[in-house]
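Structure record follows, encoded as structure tokens.
Scope of the values below: all heavy atoms of this structure, side chains included, with no hydrogens, waters or symmetry mates.
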Amino acid sequence: MSDVFEFISHSEDDTRKLGQQLGRLLTTGLTIALDGQLGSGKTNLTRSICEGLDIDVNQVNSPTFVLMQTYTGGRLTVCHFDTYRLGDVDEFLALGAEEYLNDESIVCLIEWAEIVQPVLPADRLEIRITQTGETSRGFRISATGPLSRTILQTLKKSGSA
């Protein structure tokens, strides 16, 4: 089976359903690397994943200026990073990121993950979002290890949304 799943979202509701389904599938810590142009929906997808983890979505906002937010109260703790403003990997590590990335009880969602890719766990989900219209998006989700592969295969079987 392929370690890639491509999904076309025709609306914000489709994107929300995709994120919720992904959040429901998470039972242990995993890093999810999110990449895409400004305004592609990285934070909206993060909000939906948190919703699938039973986290109050009112907590979830873009951590662009604070670099990291932690969300609790759901099935797993979520650590949400936005690395857009970071100059290099060392700044990411200075945030204490390694501690979160290696904790099996924490889901790490990293916006602009390509900036810090060299220090991300070998087993992660990578999600590339492409804006295809005003509210439509293309999602290319790939798995890089056994845990992420299991999640991806289950997502594929569900047809996602």
Side-chain angles (χ1 to χ4, degrees), residues 2-7 15-16 18-38 40-130 137 139-156 160:
S2 170
D3 290 341
V4 175
F5 175 55
E6 302 217 12
F7 177 78
T15 298
R16 182 172 178 230
L18 172 67
Q20 289 172 329
Q21 179 65 17
L22 184 53
R24 284 191 290 269
L25 293 174
L26 298 172
T27 58
T28 187
L30 180 69
T31 294
I32 301 176
L34 301 164
D35 286 298
Q37 65 196 55
L38 280 171
S40 62
K42 295 179 291 293
T43 301
N44 284 338
L45 183 63
T46 295
R47 187 173 289 115
S48 299
I49 292 169
C50 287
E51 190 174 2
L53 284 164
D54 301 323
I55 292 172
D56 177 6
V57 295
N58 292 317
Q59 295 182 62
V60 183
N61 54 50
S62 179
T64 300
F65 295 101
V66 294
L67 306 176
M68 183 190 81
Q69 299 271 17
T70 302
Y71 313 125
T72 58
R75 291 184 294 105
L76 296 166
T77 296
V78 171
C79 195
H80 180 196
F81 294 92
D82 186 324
T83 64
Y84 182 74
R85 296 186 156 297
L86 297 181
D88 58 30
V89 171
D90 291 335
E91 288 183 42
F92 181 63
L93 295 175
L95 296 172
E98 279 183 303
E99 177 182 336
Y100 299 104
L101 295 172
N102 296 311
D103 187 326
E104 292 184 4
S105 68
I106 296 176
V107 173
C108 289
L109 296 162
I110 304 170
E111 296 189 34
W112 302 98
E114 58 202 10
I115 295 170
V116 296
Q117 191 274 333
V119 297
L120 296 181
D123 190 355
R124 63 185 178 274
L125 275 179
E126 295 180 340
I127 302 177
R128 164 78 50 193
I129 306 171
T130 305
R137 303 289 186 267
F139 292 86
R140 185 177 194 281
I141 306 171
S142 56
T144 64
L147 176 59
S148 59
R149 193 170 295 118
T150 299
I151 299 292
L152 181 69
Q153 295 306 326
T154 306
L155 186 66
K156 286 167 75 169
S160 171

side-chain contact (heavy atoms from CB on, under 4.5 Å) against [X], all qualifying residues, sequence neighbours excluded:
X	result
I115	T83, W112
T28	E104, L147
T72	T70, T77
Q37	S40, Q131

**Q.** Pairs where residues 46-56 contributes a residue and the test salt bridge (charged side-chain N to carboxylate O under 4.0 Å, His left out) is met, not counting sequence neighbours
**A.** R16-E51, D54-R75

Q: Enumerate the residue pairs fulfilling salt bridge (charged side-chain N to carboxylate O under 4.0 Å, His left out) with a member in residues 117-127, sequence neighbours excluded, ordered by first and then second residue.
A: R124-E126

Q.
Holding to side-chain hydrogen bond (donor to acceptor under 3.5 Å, both in side chains), I want the full list of residues that pass it with D103, two or more places apart in sequence or in another chain.
A. S105

Q) With no hydrogens and no angle check, is any side-chain donor or acceptor of K156 less than 3.5 Å from a backbone partner on V4? A) yes

**Q.** Set of residues satisfying salt bridge (Lys or Arg N to Asp or Glu O under 4.0 Å) with respect to E6, sequence neighbours excluded
**A.** R140

Q: For E114, check salt bridge (Lys or Arg N to Asp or Glu O under 4.0 Å) against everything at least two apart and list the hits.
A: R128

Q: Using a cut-off of 6.0 Å, state whether more than 12 heavy atoms not belonging to E98 lie near its atom CD.
A: no

Q) What residues form a ring pair (Phe, Tyr, Trp, His ring centres under 6.0 Å) with F92, not counting sequence neighbours? A) F81

Q) Are the side chains of L22 and L45 in touch, meaning some heavy atoms are under 4.5 Å apart? A) no

